[in-house]
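We count ligands from 1, going down the list as the structure has it; atoms in each ligand are counted the same way. Residue indices begin at 1 and follow the sequence shown.
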Amino acid sequence: MIELAPSILSADFGRLAQAVERATAGGASVVHVDVMDGHFVPNITIGPPVVKSLRRATQLPLDCHLMIENPDQYIPDFADAGADWISVHQEACRHLNRTLNLIKDHECRAGVVINPATPVETLSEVLDMVDYVLVMSVNPGFGGQKFIPGALHKIRRLAEIRLARGYSYRIEVDGGVAMDTVADVVRAGAEILVAGNAVFGKGDAAANAAALLEAARSAALQRV
Ligand code: DX5
Ligand code: ZN
């Protein structure tokens with residue numbers, strides 16, 4: 001099943017509830033929350049208080065993408081604030097297995113993320129325990145960047161490994177997903193599509209979300 005997860009990073013932070021409501025009206029079914037600490041990535045965004053407010057504003061699952069160092073220190077706070085899904089970067093976790101278990105202990109879905117320069121193979125020992133794998137198709141830190149096509153073979157590889165080993169993780173893609181790239185990521189095997197600029201950049205978020213989802217679903221029919 002294809003799902004659209006709009007990234008609120010590109011929304012008006014003064015009107016987050018309305019932004020989420022518009023995207024939901026267009027068919028979005030997950031809310032992607034980009035958490036940045038100014039250390040792991042060169043930008044600072046939001047923390048648990050905003051997640052807590054969003055929790056009251058929507059029924060949709062909140063997908064918290066932690067682009068932070070030392071995520072173990074903050075996972076309990078995000079879970080308590082109402083996160084449903086929490087993902088951590090492979091590159092930021094010295095004890096990745098422990099961190100993923102910590103997410104699960106807090107009754108959240110656990111995801112692992114890889115940057116554009118990180119191979120899928122680095123995840124080989126955790127693919128049996130994650131609920132989803134997030135493939136970055138830009139270098140994390142900012143919305144509105146250009147899609148890096150190298151993400152496509154990583155998505156394909158993750159789909160192959162899942163089939164070959166009987167795993168059940170879902171495949172999410174994040175960065176530069178827009179009308180001109182959405183068909184490629186879906187054909188490669190991505191199921192959860194994060195989009196910030198393409199949903200909230202200009203025009204009506206409901207119409208933008210609906211158009212992206214329609215393009216994604218028709219590309220899914222062409223998957224081989
Ligand atoms: C990048 C973030 C993304 C970003 C996506 O660091 O993880 O979620 O907001 O934005 P677009 O869709 O504009 O590339
Ligand atoms: Zn993200």
**Asked** For G176 and ligand 1, does the shortest N/O to N/O distance drop below 3.5 Å?
**Response** yes
**Prompt:** When you measure from atom 12 (O) of ligand 1 to every protein heavy atom, which one gives the shortest distance, and what is it?
**Reply:** G196 N, 2.7 Å
**Request:** May I ask you to decide if D174's main-chain N or O and S137's side chain share a donor-acceptor pair within less than 3.5 Å?
**Result:** yes
**Donor-acceptor contact below 3.5 Å, side chain N208 vs main chain A211** = no
**Asked** Do the charged groups of R55 and D80 touch, with an N to O distance under 4.0 Å?
**Response** no
**Request:** Return yes or no for this condition: an N or O of M136 is under 3.5 Å from an N or O of ligand 1.
**Result:** no
**Message:** Is there a continuous path of hydrophobic side-chain contacts, each under 4.5 Å between heavy atoms, that joins L96 to I161?
**Reply:** yes
**Request:** Enter the distance from E91:CD to I114:CD1 here, rounded to the nearest 0.5 Å.
**Result:** 7.5 Å
**Under 4.0 Å to a heavy atom of G144 - the qualifying atoms of ligand 1, by number** = 11 (P), 13 (O), 14 (O)
**Prompt:** Numbering the atoms of ligand 1 from 1, which are under 4.0 Å from a heavy atom of D174?
**Reply:** 2 (C), 3 (C), 4 (C), 5 (C), 7 (O), 8 (O)
**Fill in**
Here the atoms of ligand 1 under 4.0 Å from any heavy atom belonging to G175 are 14 (O)
**Asked** Looking at atom 1 (C) of ligand 1, what's its closest protein heavy atom, distance included?
**Response** F142 O, 3.6 Å
**Asked** Are D105 and N101 close enough, and set up right, to give a side chain to side chain donor-acceptor pair (under 3.5 Å), and what steps lead you there?
**Response** CA-CA 6 Å; D105 288 347; N101 277 320; over 6 Å; no
**Request:** Among the N/O/S atoms of D174, select the one at the shortest distance from the Zn ion (ligand 2) and name it.
**Result:** OD2
**Prompt:** By number and element, which atoms of ligand 1 are closer than 4.0 Å to a non-hydrogen atom of N197?
**Reply:** 11 (P), 12 (O), 13 (O)
**Asked** Just which atoms of ligand 1 are under 4.0 Å from any heavy atom in H32?
**Response** 8 (O)
**Prompt:** Any luck finding a side-chain donor-acceptor pair between N97 and H95 under 3.5 Å?
**Reply:** no
**Request:** Looking only at distances, please establish whether an N/O atom of ligand 1 is found under 3.5 Å from an N/O atom of N139.
**Result:** no
**Message:** Any nitrogen or oxygen of A195, side chain or backbone, less than 3.5 Å from one on ligand 1?
**Reply:** no
**Under 3.5 Å: donor-acceptor pair, side chain of E172, backbone of A190** = no
**Message:** Taking 4.0 angstrom as the limit and counting only heavy atoms of M67, give me the atoms of ligand 1 inside it, by number and element.
**Reply:** 6 (O), 7 (O)
**Prompt:** Regarding D34 and S7, is there a side-chain donor-to-acceptor distance under 3.5 Å anywhere?
**Reply:** yes
**Request:** Please step through salt bridge (Lys or Arg N to Asp or Glu O under 4.0 Å) for the pair R217 and E191, ending with a clear verdict.
**Result:** CA-CA 10 Å; R217 289 185 175 140; E191 294 142 339; over 6 Å; no
**Asked** For the Zn ion (ligand 2), what is the closest N, O or S atom on D34?
**Response** OD1
**Nearest protein heavy atom with distance in Å, relative to atom 6 (O) of ligand 1** = G141 N, 2.7 Å
**Asked** For ligand 1, which part of P140 has a heavy atom less than 4.0 Å away: the side chain, the backbone, both, or neither?
**Response** both
**Request:** Given side chain to side chain donor-acceptor pair (under 3.5 Å), test D128 with Y169 step by step and report yes or no.
**Result:** CA-CA 8 Å; D128 62 339; Y169 54 80; over 6 Å; no
**Request:** Identify, by atom number and element, the atoms of ligand 1 in contact range of G143, meaning under 4.0 Å from any of its heavy atoms.
**Result:** 10 (O), 13 (O)
**Request:** State, to the nearest 10 degrees, the angle whose vertex is the Zn ion (ligand 2) and whose arms point to NE2 of H32 and ND1 of H65.
**Result:** 100°
**Complete:** Under 4.0 Å from one or more heavy atoms of S7, ligand 1 contributes atoms 8 (O), 9 (O)
**Asked** Hey, what's the ring geometry for H65 with H89, parallel, tilted or perpendicular (30° and 60° as the breaks)?
**Response** parallel
